[in-house]
Asker: 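Following this message is one structure expressed as structure tokens.
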Number of protein chains: 2
Amino acid sequence: MKRFKPTTQRDIANVLGLSVSTVSRALNDFYGISAETKKLVLDYINEIEYYPNPMALKLRDCRSYSIGVIVSEIANSYFSQIINGIESVAYKKGYNVFVTQSHECFQQENTNIKQLISHSVDGILVSISSETTDFSGFYSLKEKGIPVVFFDRAPRDIDAHKIIVDNFEGAYKATEHLIKQGFYKIAHITNSSDLLIEEERIEGYKAALSTYNIDYNPEYVFYCQCRKNIREETEAIVNQLLHLDNRPDGIFSASDKLSTEILIALKKRNITIPKDMAFVGFTNMAEADIFECPLTTISQPALEIGEAAAKLLIGQIESKSTISQYKTKIFETELTIRESSLKCSKSEFVSESLNQ
Amino acid sequence: MKRFKPTTQRDIANVLGLSVSTVSRALNDFYGISAETKKLVLDYINEIEYYPNPMALKLRDCRSYSIGVIVSEIANSYFSQIINGIESVAYKKGYNVFVTQSHECFQQENTNIKQLISHSVDGILVSISSETTDFSGFYSLKEKGIPVVFFDRAPRDIDAHKIIVDNFEGAYKATEHLIKQGFYKIAHITNSSDLLIEEERIEGYKAALSTYNIDYNPEYVFYCQCRKNIREETEAIVNQLLHLDNRPDGIFSASDKLSTEILIALKKRNITIPKDMAFVGFTNMAEADIFECPLTTISQPALEIGEAAAKLLIGQIESKSTISQYKTKIFETELTIRESSLKCSKSEFVSESLNQ
DNA sequence: TTGTAAGCGTTATCAG
DNA sequence: CTGATAACGCTTACAA
């Protein structure tokens, strides 16, 4: 295939009978060029739709004007909304975005970091995988001077900007809501005990129980890695949960994918929501409204999280001085009450009236 | 911020007391270097984890080793699955992927094309927006010699590789299934009459009706642009549909987002699926299983579509000669029968038994 | 076998 | 005000 060879400043210079440097001056509003010559050049480049060769610029500046993103899965509405936010900010500021997926795998995450470095990204936005407990990869990025901003899932004690939601508050609200509806035996299903956000959610869950004088029962907390075999994992969890001596009457699930899979497993066992089991999900699914039983959810401002993360990262990239004080920006979550968590549910009411 | 300055071949050469070209030779298995020197260099670069500066390579080769993707929306499981396929192939072959979104808007699509060109992508993968009727943007890409491969939604008569599914067959199967279930008044809701895939789906729908001697009723076909105001559009369509003199008893919906929105609108009006209205969606939603009424769907092999498209594009990019014969690869769809299309539905049965 | 130097497209520094 | 030239990091033809 004959490769597309774009016009260069040299071509322009030749056509107009000028030198390359004059053309460059016109393009960059550089001082020391006559208005006349400048107009000549600008008119011409407008006509031919000239774009400066980005590779040359990047080589010169030693930066790629691109940022890398690592998420666990893009086919997840929460993350794709965040990516939308990141891209809108990045494009506006002239940056490209490379999106990579860790699939909740530590190994893959490290491969992604290397890939991104070898593509000379100017900075990285990351939501760490549920498997990650070793943050040395991120520390070495810091050492190399490559800015990293964490969003959604951040390591506990790393010095970096972080964009997170108030997971404690979110989990508290979810749990409290279930309690107020009259469910006292609430199970909590979450990703992995090593993630800070999961810890915060568990703390919120515990705090709500404690407020209402309900004993915390460790048997009611389940962990799921959400890897490739998520279906098996959730099947096992649901089996275990349903066969507990003191079977829970409500579930608070901590993530998108988890919620979907748990609901599938429950449905398979003919557990009706919320009659047999109340349910609140920590999720951003657009489809929450049309599930068999519309889902009560704690939702997160995904778009804003993405925008904030991108702004912070680009700010750090473009800042002249080293950051001395890292920020942690915390967004609030929102409880949307639908039917899945109601004691006397509308769906029960409807199905009764339908059968008269 | 002090910029990260990676090691260069000059640095390596200085350390080892060699010249840049010798280092380069070692890295590229170039002929004319002693095994000894080569080992020396390779050992060292392994130790320090040297990566060649991608910008320099790209500038030199006049190519970016990146491909651009244009889809309508990434927060759509069908497209995010396709992107997964694209990325897996692209990364394996050393290419980056820039993903852009048209949001079903012609203007935005053209902006994206320009963006991608100005980032010097080596080729573009595109699923055209529902609004696009003017393909001049893509023709001018062809003229410039930038390879374009269309997937999912392709212009009718453009000379280019295309990856599509058998939309006719898919629509036929969906419609036939509804007919066999005893629904004869089948409405079809689709994106926009200008897309080839929509035309094929309508043809499949008509052909199935004709096979079973059902008259085609143009009033039963609805078009939705699926833009920002999709909620209003679908509300209007559902209102219109429900107030037809001869109200349909089944709906065959042509896309993901459309299906979700139509179901929300129907639910709002207390239309029960499939009792009051049968439903088949052309969609890849993972959640189809746990909807109020599990959704019968025509699904598409999204991952494979993405992989095939990326392979074809990269093949074209790397091919020395101009392509004389463009390929159109057609994938088959799959009908998954769930409850939303069944005449005597299980869900009715369940809700009766629950109320005894 | 190794080193030198030109060139990819830009911008910046210097002379004219 | 404008033009020539070096530099960014890499590959490669050519000279040593």
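Atom set for the values below is all heavy atoms of this structure, side chains included, hydrogens, waters and symmetry mates excluded. Each chain gets a letter, A, B and so on, in the order its sequence line appears, and its residues count up from 1.
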Asker: Just list the side-chain donor-acceptor pairs under 3.5 Å for residues 302-311 of chain B, sequence neighbours left out, or say none.
Answerer:
none

Asker: Which residues pass the salt bridge (Lys or Arg N to Asp or Glu O under 4.0 Å) test with A:Glu131, sequence neighbours left out?
Answerer: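 Applying salt bridge (Lys or Arg N to Asp or Glu O under 4.0 Å) to A:Glu131 gives A:Arg227.
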Asker: Below 4.5 Å, heavy atoms only, C-beta onward: do A:Arg25 and A:Asp29 meet side chain to side chain?
Answerer: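 Side-chain contact under 4.5 Å: no.
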Asker: Taking only residues at least two apart or on different chains, which pairs with a member in residues 83-94 of chain B satisfy side-chain hydrogen bond (donor to acceptor under 3.5 Å, both in side chains)?
Answerer: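 Pairs touching residues 83-94 of chain B that pass the test: A:Gln101-B:Asn84.
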Asker: Estimate the overall bend of the helix from C:dT1-D:dA16 to C:dG16-D:dC1 from the end axes over five pairs each, rounded to 10 degrees.
Answerer: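 Answer rounded to 10°: the end axes differ by 60°.
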Asker: Ignoring hydrogens and geometry beyond distance, is a side-chain donor-acceptor pair present between B:Asp152 and B:Tyr78 at under 3.5 Å?
Answerer: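 The answer is yes; a qualifying pair exists.
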Asker: Mark up nucleotides 7-16 of chain D, 5' to 3', with B wherever a protein heavy atom is under 4.0 angstrom from a base atom, S wherever such an atom reaches only the sugar-phosphate, and - elsewhere.
Answerer: BBBBBB----
Asker: Please check: side-chain N/O of B:Ser66 versus main-chain N/O of B:Val121, any donor-acceptor pairing under 3.5 Å?
Answerer: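 It does not hold such a pair.
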Asker: Could you tell me whether a side-chain N or O of B:His161 sits under 3.5 Å from a main-chain N or O of B:Val149, the two making a donor and an acceptor?
Answerer: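 Not confirmed, B:His161 side chain does not pair with B:Val149 backbone.
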Asker: With a 6.0 Å cut-off on ring centres, are A:Tyr44 and A:Tyr50 close enough?
Answerer: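 No.
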Asker: Under a 3.5 Å threshold, yes or no: a donor from one side chain and an acceptor from the other, between B:Ser129 and B:Thr132?
Answerer: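 Judged by distance alone, the side chains do pair up.
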Asker: Using a 4.0 Å cut-off to any heavy atom of chain B, which nucleotides of DNA chain C are the first and last in contact, reading 5' to 3'?
Answerer: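 That gives a stretch of C:dT1 to C:dG9.
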Asker: Taking the six-membered ring of B:Phe150 as reference, does the NZ or CZ atom of B:Arg153 fall below 6.0 Å from its centre and within a 45° cone about the axis?
Answerer: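 Cation-pi check for B:Arg153 and B:Phe150: fails.
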